[in-house]
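The structure appears right after this line, and notes come after that.
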Amino acid sequence: MRFRWNPSLPRNELEQCLLSANLSLLEGDRFDRLGSSLKPSQVHHLLARRLDVSSKTSFEEVLADRTRNLGAATFEESEAYEAFAGAFEYDSRFESEEDGVLDPDAVESLSGICGLLRQALESRTPATKLSAMHFTSMARDIQKAAFLVRLGLAAGYLGMEDAGIQLKFLQSIAAARYASWTDFSLSGILGMAMCNRRNAFVAADWKPVLQSHFVVAKWDVELPIRFGSSQSAPQRINRRIESGSTLELEWADVAS
């Protein structure tokens, strides 16, 4: 897995592309333009088959839902995030002391991905550790929304100016919440695991996801996240779209 990008791409646009970094890498997308560089057939497949987007109107509806619900979590998700965050605040492994209190699927999924991440992170120099601030759905939702914008731009459902407005909005939230691409990526991966908690956790399936993290983390030196002033949220359409969730389709899931 390589991070393929265009050196002539303006810094700001590359930074906006990085907002969907893990998901784009997993789909084989490149970072040589603001819109997705996937083939048109791939773009329309992702939009139509995974998001039920086949027109500008349906695209706007789904995008509105994504941006409106950034960082939103169900009660079960919030409880699991809080429990794990509390454990990792003291650099300890999570242990469920009250059976039946937490969603067992969430516990299994988060425990599985935390174990893989710990093992992978501790073997790197310098070592990086998971912390309480990583346990949130925000980075995952930013990545999903940003990738949707890039796909919509490539499909002609969104103009360059509107895409820039949406990405600047997402960029401001990421910069205010995360200090590095490493933190952004780690939090996004934990969110992916939570999103896919209804599927049995299979470590081998998550190897490409871990690989994407180390590709993204390299950009902390080349292109550190810049803290900026908050942006006004783009115009949104008040309509909810429901969708399922699997590991293959995790970025297409709607945060509820």
Side-chain angles (χ1 to χ4, degrees), residues 15-24 51 60-89 102-103 105-107 109-110 113-114 117 130-150 152 165-198 209 212-213 216 225-245 249-256:
E15 192 174 59
Q16 291 173 351
C17 287
L18 278 165
L19 292 173
S20 65
N22 297 91
L23 298 181
S24 295
L51 287 162
E60 290 174 346
E61 292 171 347
V62 175
L63 179 60
D65 196 74
R66 294 293 185 276
T67 55
R68 184 176 61 247
N69 290 292
L70 293 172
T74 63
F75 175 78
E76 291 78 9
E77 290 175 340
S78 297
E79 290 288 291
Y81 278 137
E82 183 177 349
F84 274 78
F88 277 83
E89 184 176 2
L102 299 178
D103 180 353
D105 292 331
V107 171
S109 191
L110 285 179
I113 195 63
C114 285
L117 284 171
L130 289 173
S131 67
M133 59 88 65
H134 294 130
F135 292 90
T136 169
S137 295
M138 182 60 76
R140 177 200 71 189
D141 291 350
I142 290 174
Q143 290 220 28
K144 291 191 297 185
F147 194 38
L148 178 59
V149 169
R150 295 188 67 212
I165 292 173
Q166 294 284 352
L167 291 172
K168 285 179 182 177
F169 168 59
L170 297 171
Q171 189 176 17
S172 68
I173 296 175
R177 188 73 179 255
Y178 300 99
S180 67
W181 292 114
T182 293
D183 287 337
F184 181 69
S185 175
L186 288 175
S187 182
I189 290 173
L190 292 175
M192 291 181 199
M194 178 67 83
C195 189
N196 290 280
R197 65 189 182 280
R198 301 309 177 199
V209 180
S212 76
H213 167 71
V216 175
I225 287 181
R226 295 175 295 176
F227 290 84
S229 59
S230 60
Q231 304 285 338
S232 300
Q235 194 74 21
R236 302 188 181 98
I237 301 172
N238 294 319
R239 177 177 174 182
R240 294 194 56 77
I241 309 294
E242 300 298 333
S243 175
S245 168
L249 310 184
E250 62 77 29
W251 62 269
D253 179 68
V254 175
S256 54

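FYI, the numbering just counts along the sequence from 1.
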Under 3.5 Å, is there a donor-acceptor pair between the side chain of S20 and the main chain of L23?
no
To the nearest 0.5 angstrom, please state how far the CD atom of Q171 sits from the CD atom of Q16.
4.5 Å
Measuring from atom OG of S172 to atom CG of L167, what distance do you get when rounded to the nearest 0.5 angstrom?
11.0 Å
Are T136 and R177 close enough that some pair of their side-chain heavy atoms sits under 4.5 Å apart?
yes
I want to check something: taking the side chain as every heavy atom from C-beta on, are E15 and W181 in contact at a cut-off of under 4.5 Å?
yes
Any I113 side-chain heavy atom under 4.5 Å of V209 side chain
no
Would the distance check show the side chain of S24 and the main-chain N or O of A21 forming a donor-acceptor pair, the cut-off being under 3.5 Å?
no
What pair of heavy atoms forms the shortest contact from N69 to D141, and how long is it?
O-OD2, 3.4 Å
Side chain to side chain contact (heavy atoms under 4.5 Å, CB included) involving S180 - partner list, sequence neighbours excluded
T182, D183, D220
Nearest-0.5 Å distance that lies between atom NZ in K144 and atom OG in S137:
7.5 Å
At their closest point, which heavy atom of A146 faces which heavy atom of L19, and how far apart are they?
CB-CB, 3.7 Å
Can you name the closest pair of heavy atoms from D65 and R68 and give their distance?
OD1-NH2, 2.7 Å
Where A80 and L102 come nearest, the two heavy atoms and their spacing
N-CD2, 4.2 Å
Shortest non-hydrogen contact between L117 and I189, atoms and distance
CD1-CG2, 4.3 Å
The criterion is side chain to side chain donor-acceptor pair (under 3.5 Å); which residues satisfy it with S187, sequence neighbours excluded?
Y178
Just how far is it from atom CZ of F184 to atom CG of L18, taken to the nearest 0.5 Å?
8.5 Å
Any residue meeting side chain to side chain donor-acceptor pair (under 3.5 Å) with S185, in chain and number order, not counting sequence neighbours:
N22, H213
Listed by chain and number, what are the side chain to side chain contact (heavy atoms under 4.5 Å, CB included) partners of E82, not counting sequence neighbours?
E79
For D105, enumerate each residue passing the salt bridge (charged side-chain N to carboxylate O under 4.0 Å, His left out) test, keeping only those at least two apart in sequence or located in another chain.
R198
Are R66 and L51 close enough that some pair of their side-chain heavy atoms sits under 4.5 Å apart?
yes
Scanning both residues in full, the closest heavy-atom pair of A106 with M194 reads CB-SD, 3.9 Å
To the nearest 0.5 Å, atom CD of Q166 lies from atom CZ of R150 at 15.0 Å
Output the distance between atom CG (L70) and atom CZ (R140), rounded to the nearest 0.5 Å.
10.5 Å
